[in-house]
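For reference, the structure is listed below as structure tokens.
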Number of protein chains: 2
Amino acid sequence: MPLPQTQIPGRLQMQLAERGIRMTGPRRAILSVIETATKHLDASQILRKARTVDESVDRSTVYRTLGLLKRQGLIDELDLMHLNGEGHYYERKLGRDHIHMACLRCGKISEFVSRTFESLKNQLERDCHFHILVARLEVGGYCSACRR
Amino acid sequence: MPLPQTQIPGRLQMQLAERGIRMTGPRRAILSVIETATKHLDASQILRKARTVDESVDRSTVYRTLGLLKRQGLIDELDLMHLNGEGHYYERKLGRDHIHMACLRCGKISEFVSRTFESLKNQLERDCHFHILVARLEVGGYCSACRR
DNA sequence: TTCTTATTGCGACCGAGTCGCAACACGCGC
DNA sequence: GCGCGTGTTGCGACTCGGTCGCAATAAGAA
């Protein structure tokens with residue numbers, strides 16, 4: 001008999017467990033939302049989705065959990081060029097960094113992985129003696145469909 | 001007899017004039033603050049400094065003027081990794097883009113100009129058929145003095 | 001099962017940014 | 001110089017993202 005979707009411990013949940021971080025109902029709900037997201041979500045969207053799993057999840061718990069995941073380096077925080085208001089968007093951090101391109105006309109977000117980006121970061125670490133923890137490259141402009 | 005500092009029309013003021021944009025007292029004050037800034041300022045710092053020139057400048061006028069300058073492509077808006085709260089920082093846009101590095105320990109902001117960054121943007125425009133209007137690369141980590 | 005301690009929900013709060021409106025002032029045409 | 005139309009301003013109220021203190025609760029180690 002298969003467990004309900006939200007009960008399958010996802011990777012995020014395991015990564016927190018490995019670090020000896022206490023697991024709770026609301027936390028499980030929020031993690032599952034982030035883990036199964038198919039697009040970039042902001043805090044209020046995460047809250048809304050988490051509530052479909054656990055009715056009682058509170059706004060501040062969402063923010064506290066996002067803070068925890070950020071501190072643990074498990075998610076990245078994005079601005080996406082503030083296409084809609086001033087809030088932030090979140091995504092799981094996996095593998096190598098990617099560039100976010102936001103179309104200022106249609107709002108589409110596309111991602112791009114580039115070796116040049118990696119060299120740029122290496123160059124920065126070398127030339128500036130700077131130890132990079134997070135790197136965020138966001139670009140605003142017109143996507144292929146919208147440019148003319 | 002030299003004019004008082006704030007009366008010398010700066011480049012920003014001229015660029016707005018060229019575009020037929022009306023010049024006013026508060027606007028002059030705000031422009032001069034941005035023009036003579038030696039570090040990245042946020043909206044409330046700009047307001048405070050502008051008020052030392054023109055007592056009556058209002059908060060919303062600062063935001064409206066920043067919006068104007070953004071739309072005209074004369075300033076860039078930065079997050080600087082949200083080192084202090086959620087606000088934004090502003091700087092004049094001149095010449096080529098540069099990378100902002102924010103030290104998460106001491107808060108120092110350093111800037112770095114890189115040809116690799118330029119190639120990366122070119123690559124993006126070419127490979128993704130994306131027309132770049134603004135590009136923002138921000139890095140958080142430890143500066144040479146703070147890393148260990 | 002108990003006990004400690006981290007986490008939660010709640011409500012009040014804060015600061016950044018926006019908006020509608022009436023008063024004002026820039027600068028063009030005379 | 002002088003008036004006039006329109007863009008700009010100050011003001012105050014508001015929205016929204018995010019934070020905090022606190023008492024109640026629940027994890028999970030012993």
Side-chain angles (χ1 to χ4, degrees), chain A residues 7 9 12-14 16-33 40-51 53-72 75 77-90, chain B residues 7 9 12-14 16-33 40-51 53-72 75 77-90:
Chain A
Q7 298 285 331
L12 274 181
Q13 195 168 326
M14 289 181 59
L16 288 184
E18 279 165 19
R19 290 155 155 92
I21 288 167
R22 194 178 284 185
M23 192 47 51
T24 67
R27 226 164 240 186
R28 249 187 296 272
I30 294 164
L31 296 184
S32 78
V33 168
H40 303 97
L41 302 175
D42 64 21
S44 69
Q45 293 169 319
I46 292 173
L47 173 62
R48 193 151 19 85
K49 285 178 182 260
R51 276 192 167 153
V53 180
D54 177 344
E55 179 79 45
S56 72
V57 181
D58 188 73
R59 212 159 59 96
S60 51
T61 302
V62 170
Y63 283 110
R64 287 192 271 236
T65 305
L66 288 172
L68 172 69
L69 293 169
K70 259 193 285 177
R71 283 194 306 280
Q72 295 293 325
I75 57 172
E77 188 179 57
L78 311 171
D79 288 280
L80 300 185
M81 282 317 193
H82 300 297
L83 271 183
N84 296 304
E86 297 297 322
H88 294 119
Y89 296 84
Y90 300 90
Chain B
Q7 298 285 332
L12 274 181
Q13 195 170 323
M14 289 181 58
L16 289 185
E18 279 165 18
R19 291 156 155 90
I21 289 166
R22 192 178 285 185
M23 191 47 50
T24 68
R27 227 166 239 186
R28 248 187 297 272
I30 293 165
L31 296 183
S32 78
V33 168
H40 303 96
L41 302 174
D42 65 21
S44 69
Q45 293 169 318
I46 292 173
L47 172 62
R48 193 150 20 84
K49 284 177 182 262
R51 276 191 168 153
V53 180
D54 176 345
E55 180 78 45
S56 72
V57 182
D58 188 73
R59 214 158 57 93
S60 51
T61 302
V62 170
Y63 284 111
R64 287 191 271 236
T65 305
L66 289 172
L68 172 69
L69 293 169
K70 259 192 287 178
R71 283 195 306 279
Q72 296 291 328
I75 58 170
E77 187 179 58
L78 310 170
D79 288 281
L80 300 185
M81 283 314 191
H82 300 296
L83 271 183
N84 295 304
E86 297 298 323
H88 294 119
Y89 297 85
Y90 300 90

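Below, read A as the first sequence line, B as the second, and so on, with proteins coming before strands; counting in each chain starts at 1. Note: hydrogens, waters and symmetry copies are ignored here, and every other heavy atom, side chains too, is used. Predicted model only: the values in this text are computed from it and were never measured.
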*Is A/Thr61 near enough to C/dG9 that one of its side-chain N or O atoms lies under 4.0 angstrom from OP1 or OP2?*
yes
*Using atom CG of A/Leu16 as one end and atom P of C/dA6 as the other, report the distance to the nearest whole Å.*
16 Å
*Tell me yes or no: between the side chains of A/Glu77 and A/Tyr89, is some donor less than 3.5 Å from an acceptor?*
no
*CG of B/Asp54 versus C1' of D/dT8: gap in Å, rounded?*
13 Å
_Between P of C/dA6 and CZ of A/Arg71, the distance in whole Å_ = 13 Å
*Taking CE from A/Met23 and C1' from D/dA29, how many angstroms apart are they, rounded to a whole number?*
17 Å
*Base, sugar-phosphate alone, or nothing: which one does B/Ser44 contact when heavy atoms must sit under 4.0 Å apart?*
nothing
*Does any non-hydrogen side-chain atom of B/His82 lie less than 4.5 Å from one of A/Asp79?*
yes
*Does a side-chain heavy-atom distance below 4.5 Å link A/Glu86 with B/Glu86?*
no
*What distance separates B/Leu78 CG from B/Asp42 CG, expressed to the nearest 0.5 Å?*
11.5 Å
*Hey, is the side chain of B/Ser60 poking within less than 4.0 Å of OP1 or OP2 on D/dG10, counting only N and O atoms?*
no
_Between C/dA16 (C1') and B/Leu41 (CG): distance, integer Å_ = 16 Å
*Using a cut-off of less than 4.0 Å, is there contact between a side-chain N or O of A/Arg27 and OP1 or OP2 of C/dT7?*
yes
*Could you say whether B/Gly87 or A/Arg59 is positioned toward the 5' end of DNA chain C, judged by the nucleotide with the nearest heavy atom to each?*
A/Arg59
*Taking NE2 from B/His82 and P from D/dG18, how many angstroms apart are they, rounded to a whole number?*
9 Å
_Given DNA chain D, 5'-ward residue of the pair B/Thr24 and A/Asn84, judged by closest heavy atom_ = B/Thr24
*Between C/dT18 and B/Tyr63, is there an OP1 or OP2 to side-chain N/O distance shorter than 4.0 Å?*
no
*Compare the minimum distances between each of D/dG18, C/dT18, D/dT9 and the side chain of B/Arg64, then state the nucleotide with the smallest one.*
D/dT9
*asked:* At less than 4.0 Å, is any side-chain N or O atom of A/His88 found next to OP1 or OP2 of D/dG17? Yes or no.
replied: no
*Test B/Leu16 against B/Leu31 for side chain to side chain contact (heavy atoms under 4.5 Å, CB included), laying out the working first.*
CA-CA 10 Å; B/Leu16 289 185; B/Leu31 296 183; 3.8 Å; yes
*Let me know the distance between CD of A/Gln13 and P of D/dA27, rounded to the nearest Å.*
12 Å
*Report the distance from atom CD of B/Glu55 to atom C1' of D/dG10, rounded to the nearest whole Å.*
13 Å
*When you get a sec, tell me which of D/dG18, D/dG28, D/dT8 is the closest nucleotide to the side chain of A/Ala43?*
D/dG18
*Where each residue is assigned the nucleotide of DNA chain D containing its nearest heavy atom, which of B/Pro26 and B/Arg22 is assigned the position nearer the 5′ end?*
B/Arg22
